[in-house]
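Since we're looking at a predicted model, the values are computed, not measured. Numbering of ligands and ligand atoms starts at 1, following listing order.
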Amino acid sequence: MTMRFSTKAIHAGQHADPTNGAVMTPVYLTSTYAQPELGKNKGYEYSRVSNPTRDALERNIAALENGRHGMAFGSGMAAIDAIFHLLKPGDHVIASDSVYGGTYRIAKMILEDYGLKFDFINMTHAADVEKAIKKNTKMIFIETPANPTMEITDLHAIATIAHEHRLTVVCDNTFATPYLQRPLEHGVDVVVHSLTKYLNGHSDMLGGIVVTNSAKIAERLRFLQKAIGGILSPFDAWLCLRGTKTLPVRMERHGKSAMLIAKWLERRKKVKKVYYPGLATHPQHRLAAKQMKNFGGMISFDLGSYGAAKAFLKHLKICTLAESLGGVETLITHPATMTHASIPVEIRNKIGITDGLVRISVGLEDVEDLIADLKQALR
Ligand SMILES: *Cc1c(COP(=O)(O)O)cnc(C)c1O
C-alpha cells in the first residue's frame, strides 16, 4: 500500500515482532547471532555487519527520503567519511564553501593527506559549479540550506550538470530533513544526514545515515560499514526510530515558530542582518520555496560585533548557548568561535560568518516565550 509521509514516518521499515507481537521495534543488544548450522544463518551474523534495530531505522529513513538503501553510522561525520571513501587518491571533489565545519575539517586536515583533492566554492550559481569541474572531478558535495548563512543550492540544476559530466552528487540534507526536502527526487545520487539533529530530534544521541537509490553505491557503503566499523549502535538506532515518528509534526512547528522569530528579528534595530530562507529578503527565497516544503527551523542573524554577540548570548534565559541543532529545545551558537572555528578567518568573512553572527535552532517551546527571551537579551 502506498503511504504518505507521516504514515511512513511511523510505520515504514517496522513491523510487529512475529514471535510476540511487540509493536515497537526492540533494541537488539546483541553482538552476535546463533547460526543453526555451518553455512546457515537467520539473516544476521555479527552486529557490525547488521543488526535488526539498525536495519529498521535504515529502512525507515530510506523510505522517508524515497530511497531504496539506507546505511547508518555512529555519527554524521562517520557517514560523510564513508561517502568520501567511495573515492580514490587523485579524485577531485567540488564542495560548497558553506558546508558544515566538520566536513571542511575532514577534507582539509585528513583526506587531502590521503590524496583526495577538494575545491570549496560558492554554489549559488550552477554555472560556477560547472566551471570548477576538472578532468579528475568525481563528486559534487552540496549542503542546502547551508550552515550558517542559510544559503540555498539548486539541487535540480546541480544534479543535471553533474550527470552530464558523469559525477556523483551528494547532498547533506541535515538542515531540511526529508520532510522539507528530498534531494533524490531532484536527481541527487546520495543523501547524507546527521541523525543527531532533526531526525532524532531530542539531542540525546549521535548518528549519521546515507541514503541512495544506487545498488552499487549502497553495496560499497555496506562493505565500508563492515570493513571500517563506524556503525550506529542498536540503542541509538532505537532512540532515533522513536524520533522519526514525530518528525512531521516537529518540522511543522519548527518552521512556523522560526518564521515568526525571523520576521520579529528583521524589525529589530540592533539586528544588522537576518538570514532565513523564508524571508522575502533572502536572496534565494524563491528557490527555497520551490524545493522545500517550509523553510525550516534555523535562523542566523548578525549583531554587528563580537562584543554585541557575547553580551546577547550571556543574557539568554530560555535559549541555551550550545553547539548542535534540531532538538526540541532552542539552542544558540556563535559560529565564528564554535561550529566554524576550523574554517580560516578570511574564508569565514568572505562567506558572512562574521564575529557578530549568531545562529539559532528554534525549538518547540511557546514561540511567545522565545521572543520574550530574545527581546530581554537584546536589551
Ligand atoms: C552536525 C552536522 C554534521 C555532523 O554530524 P555529527 O552527527 O555531529 O557527526 C554534518 N552536517 C551537518 C549539516 C551538521 O549539522
Side-chain angles (χ1 to χ4, degrees), residues 54 57 61 65 70-85 93 95-111 118 120 123 141-153 155 170-181 183 188 190-211 225 228-233 235-237 239-240 243-244 251 254 258 275 277 292 296-300 322-327 331-335 338-343 351 353 359-363:
R54 195 176 91 217
L57 178 73
I61 296 178
E65 284 287 4
M71 283 65 59
F73 293 84
S75 69
M77 284 321 304
I80 289 169
D81 181 53
I83 289 171
F84 289 135
H85 270 87
V93 181
S96 161
D97 64 5
S98 39
V99 283
Y100 177 71
T103 305
Y104 183 83
R105 178 171 50 210
I106 196 174
K108 283 288 172 193
M109 298 183 186
I110 299 174
L111 298 172
F118 288 86
F120 289 86
M123 290 199 176
F141 194 100
I142 303 170
E143 183 178 320
T144 184
N147 195 7
T149 52
M150 309 305 147
E151 203 172 87
I152 308 292
T153 299
L155 292 168
V170 181
C171 178
D172 184 333
N173 200 28
T174 300
F175 272 38
T177 82
Y179 181 68
L180 301 186
Q181 163 178 290
V188 165
V190 178
V191 174
V192 62
H193 282 280
S194 167
L195 299 173
T196 317
K197 316 297 168 54
Y198 289 109
L199 283 168
N200 175 57
H202 295 74
S203 306
D204 51 13
M205 56 76 84
L206 269 92
I209 196 161
V210 185
V211 177
Q225 282 184 311
I228 300 178
I231 43 100
L232 189 66
S233 80
F235 186 69
D236 289 333
L239 280 172
C240 190
T244 57
M251 292 316 291
H254 284 300
Y275 300 88
M292 299 173 74
M298 300 298 301
I299 307 169
S300 292
E323 296 205 10
S324 202
L325 60 117
L331 297 178
I332 298 207
T333 60
H334 183 248
M338 296 167 75
T339 49
H340 289 65
S342 58
I343 296 181
I351 61 183
I353 308 177
R359 187 191 79 184
I360 174 164
S361 166
V362 178

State which residue, out of Leu206, Leu57, Asp236, fulfils the side-chain contact (heavy atoms from CB on, under 4.5 Å) condition with Leu195.
Leu57

Atom-level proximity to ligand 1, residues with heavy atom under 4.0 Å:
Ser75, Gly76, Met77, Ile80, Tyr100, Glu143, Asp172, Thr174, Phe175, Ser194, Thr196, Lys197, Gly207, Leu325

Please tell me if the side chains of Leu325 and Tyr198 come closer than 4.5 Å, counting only heavy atoms from C-beta onward.
yes

Is there a donor-acceptor contact under 3.5 Å from the side chain of His202 to the main chain of Asn200?
yes

Treating Ser300 as the side-chain partner and Pro148 as the backbone partner, does any N or O pair qualify as donor plus acceptor under 3.5 Å?
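Judged by distance alone, yes, a pair lies under 3.5 Å.
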
Does the side chain of Ser98 pick up a donor-acceptor pair with the side chain of Glu151 at under 3.5 Å?
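Short answer, yes.
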
With a 3.5 Å cut-off and no angle check, do the side chains of Asn173 and Glu65 form a donor-acceptor pair?
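Yes, Glu65 and Asn173 have a side-chain donor paired with an acceptor closer than 3.5 Å.
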
